[in-house]
Amino acid sequence: MGVNLARSPNAVRRIAIIGGSGLQTLDNFDIKEVVDCTSEWGEPSSPVYRGYLEGNEIFFMPRHGGEQAIPPHKVNYRANIAALEQLGVESILAFNAVGGITATYGSGVLAVPDQIVDYTWGREHTFWSDKNGDLLHVEFTYPYDQDLRNELLSSAKKINIKLQGRGVYGATQGPRLESAAEIIRLEKDGCDIVGMTGMPEAALAREKNIPYACLALVVNPAAGKSTELISMDDIRAVMAEGIPRAQQVLSASVAELIAGP
Ligand code: HPA
């Protein structure tokens, strides 16, 4: 069945959620359609799921595919953003699990970053090619959409979920975690949190002119920020507690966006 690009009567905006580690599926998500969106940019991480999240229509894309199979440096970010563009998506809420660097970003903290430093390399990071027209130096002073960020913050406040209202996201290449010295460098650069999937996703959304914001869950102290080494068991425990809170914020934000101002 083809997707109807006309707006559904109650939807103010076509909203997509990009799920990250720990959020490969959404609770209370009633899937109505599974849309295969392969494009000239290749295969996205997964089909896009159109359905209703607590009654509100959204599109859902799990960034790492079905079972966390695709590592951060192998995600086809271009195909993923192109898929959402094809479906007429007008707003993207991206979820990312991250490590915490500075003092107020301890494990379990939810944050809505306002800036990015990009340390990734070798990823297909632009839709521009010399075959497809004029070079676009996309404006990226404020990498995240301010209105969407405000929506995440105000929706969380309404449901009494605490968020850090800003933060600098350092995007590293992975898939390995960082060394302690690398984290010291990131901190000196002004980074508050570190993750592997924030870029080039945010920049590609900007190239397509799709407003994009990130909800990040701190799942571990970054390398060297704790007396313990980073443990997957500890990360899983933090996720088990934090992911439901992240979902509540996403769901409340979707409801507010669709209800409109
Ligand atoms: N570093 C990079 N990416 C991450 C981390 C981290 O410590 N935790 C979760 N994603």
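Atoms within each ligand, like the ligands themselves, are counted from 1 in listed order.
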Asp30 side chain to Gly51 backbone, donor-acceptor under 3.5 Å: no
Residue His125 excluded, over 12 heavy atoms near NE2 under 6.0 Å: no
Check: Ser155/Glu256 side-chain N/O donor and acceptor closer than 3.5 Å: no
Identified side-chain contact (heavy atoms from CB on, under 4.5 Å) counterpart of Arg206 within the set Tyr212, Phe140, Tyr144: Phe140
Pocket residues of ligand 1, ordered first by chain and then by residue number (heavy-atom cut-off under 4.0 Å): Ala97, Val98, Gly99, Leu177, Glu178, Val194, Gly195, Met196, Val219, Asn220
Flag, side chain of Ser251 to backbone of Gln247, donor-acceptor distance under 3.5 Å: no
Whether Arg245 side chain and Ile161 backbone form a donor-acceptor pair below 3.5 Å: no
